[in-house]
There are 2 protein chains.
Amino acid sequence: MINEPPDVATCRVDELTPDVDEPLTVGQVAALTGLSTHTLRWYERVGLLEGVARDGSGHRRYTEVDLRRLVLLMRLRATGMPVSEMLRYAELLRADTPTELQRMQLLEAHRDRVLNHIADLHRDLDVINSKITGYRRALSPAVPA
Amino acid sequence: MINEPPDVATCRVDELTPDVDEPLTVGQVAALTGLSTHTLRWYERVGLLEGVARDGSGHRRYTEVDLRRLVLLMRLRATGMPVSEMLRYAELLRADTPTELQRMQLLEAHRDRVLNHIADLHRDLDVINSKITGYRRALSPAVPA
DNA sequence: GTGCCCCTTAGAGTGCACTCGAAGTCAAGG
DNA sequence: CCTTGACTTCGAGTGCACTCTAAGGGGCAC
């Protein structure tokens, strides 16, 4: 894995998604998700989140369906999926033939990669923890805790 | 977390480290660790792994001590520590005052961040898994597995 | 009407962590 | 002697995922 996902500080979308009735502006979605308005527009530009409606002034109006798609995209990014593969998923979503099977397989393959990655992290933590233990031992007179 | 660590395909260093007696060339270390020779030289250039000796021809000779430092650096990178923070650790290593406490605290803070990150990954996987389950349900006549 | 603020687009810029290239050195093999 | 291949340094280039800028529009408060 070459890229690491963004650290989205505040994401209230999980709690707030269900009660959103009116379509939201890009700024409201940004506040809700923790993504920047720049990133939201960029996601649309590159094809990750297509079909966001516009109001009479040409401003984006995000529907609940858009938000749901966005939340999944954020979870995929947060688990390290590269944008190029998220794009493949997005393309499957807007295909005119049924693609549920491919989409499921894409998500399953990703889930398995993430699980392997977590296992790797635990192994790496073992090394780091043993180093910490060594320091604690060396400092034991000074640091009894 | 903004960056994700490299996917080091083959790292035999864990098994082979103990039996290395002779200092190794950069190419041998690259083969052993899975890092590229470019990356190994770059780590030294930026100050991550200082003090690698040279032979009569000016070629690097990595000792077992160098390898041990390198393995820890690789684990830190693999768990998402940015190079800038690895550099802080390296600077503590070559300080002329005792820095064991700071080093331990740095590693502990990192370990805690990684544990939080793993917890986040599990939560993200829950969302992805529920999406997978939805697909599986929708496909259940076609995909009995 | 005039700030003001949020919005629009498309293109350019940024930061990170490598990754590569050019030019040169050195030791061994044929 | 000449080639080959692994090594040296240092500066430049790459890919990813944003992030920012410039130039402009819409609508509301004062």
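Chain identifiers are assigned alphabetically (A, B, ...) following the order of the sequence lines, protein sequences preceding nucleic acid strands; residue numbering begins at 1 within each chain.
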Inset, instruction - State whether B:Tyr43 places a side-chain N or O below 4.0 Å from either non-bridging phosphate oxygen (OP1 or OP2) of C:dC18. - result: yes

Inset, instruction - Can you tell me the distance, in whole Å, between the CG atom of A:Leu35 and the P atom of D:dA17? - result: 14 Å

Inset, instruction - Calculate the interatomic distance between B:Met86 atom CE and C:dC18 atom C1'; express it in whole Å. - result: 12 Å

Legend entry - Residue B:Arg137 excluded, over 12 heavy atoms near CZ under 6.0 Å: no

Legend entry - Sugar-phosphate, base or nothing in reach of A:Thr25, heavy atoms under 4.0 Å: sugar-phosphate

Inset, instruction - In whole angstrom, give the distance that lies between atom CZ of B:Arg41 and atom C1' of C:dA22. - result: 13 Å

Inset, instruction - Take atom CG of B:Leu40 and atom C1' of D:dT9, then tell me their distance rounded to the nearest Å. - result: 16 Å

Legend entry - DNA chain D: 5'-proximal contact among A:Ser57 and A:Ser36 (nearest heavy atom): A:Ser36

Inset, instruction - Please state how far atom CH2 in A:Trp42 lies from atom P in D:dA17, giving the value in whole angstrom units. - result: 6 Å

Inset, instruction - Tell me what A:Val46 touches on the nucleic acid: a base, only sugar-phosphate, or nothing, going by heavy atoms under 4.0 Å. - result: nothing

Inset, instruction - Between C:dC26, C:dA17, C:dT8, spot the one nearest the side chain of B:Pro82, thanks. - result: C:dA17

Inset, instruction - For the helix from C:dG1-D:dC30 to C:dG30-D:dC1, measure the angle between the helix axis at one end and the axis at the other, each built from five pairs, rounding to 10°. - result: 20°

Legend entry - Closest listed nucleotide, where the reference is the side chain of A:Arg60 and the choices are D:dT19, C:dT9, D:dC18: C:dT9

Inset, instruction - Taking A:Asp66 for its side chain and A:Thr63 for its backbone only, find out whether a donor-acceptor pair lies under 3.5 Å. - result: yes

Inset, instruction - Using only side-chain N and O atoms of B:Arg54, determine if any of them is under 4.0 Å from OP1 or OP2 of D:dT9. - result: yes

Legend entry - Same apolar cluster: B:Val65 and B:Met74, side chain cutoff 4.5 Å: no

Legend entry - B:Leu67 and B:Leu32, any side-chain heavy atoms less than 4.5 Å apart: yes

Legend entry - N or O in side chain of B:Ser84 less than 4.0 angstrom from C:dC16 OP1/OP2: no

Inset, instruction - For C:dA17, take OP1 and OP2 only and decide whether either is under 4.0 Å from a side-chain N or O of B:Thr39. - result: no

Inset, instruction - For B:Glu44 and C:dT19, give me the distance from atom CD to atom P, rounded to whole Å. - result: 18 Å

Inset, instruction - Ignoring the backbone of B:His38, work out which of C:dG21, D:dT21, D:dC18 is nearest its side chain. - result: C:dG21

Inset, instruction - For the side chain of B:Arg45, starting at C-beta, report the closest nucleotide among C:dA17, C:dC7, C:dC20. - result: C:dC20

Inset, instruction - Counting heavy atoms from C-beta on, name the nucleotide in D:dT9, C:dC7, C:dT19 closest to the side chain of A:His59. - result: C:dC7

Inset, instruction - For B:Ser36 and B:Thr39, indicate whether the former's side chain and the latter's backbone hold a donor-acceptor pair under 3.5 Å. - result: yes

Legend entry - Residue among B:Glu50, B:Arg77, B:Arg69 satisfying side-chain contact (heavy atoms from CB on, under 4.5 Å) with B:Tyr43: B:Arg77

Inset, instruction - Specify the separation, in whole Å, of atom CG of A:Leu87 and atom C1' of D:dC16. - result: 13 Å

Inset, instruction - Could you state the atom-to-atom distance from CG of A:Leu48 to P of D:dC16 in whole Å? - result: 14 Å

Legend entry - With B:Val29, the side-chain contact (heavy atoms from CB on, under 4.5 Å) member among B:Val26, B:Thr25, B:Thr33: B:Thr33

Inset, instruction - Say whether, by atom type as modelled, one donor and one acceptor occur between the side chain of A:Arg75 and the main chain of B:Val127 under 3.5 angstrom. - result: no

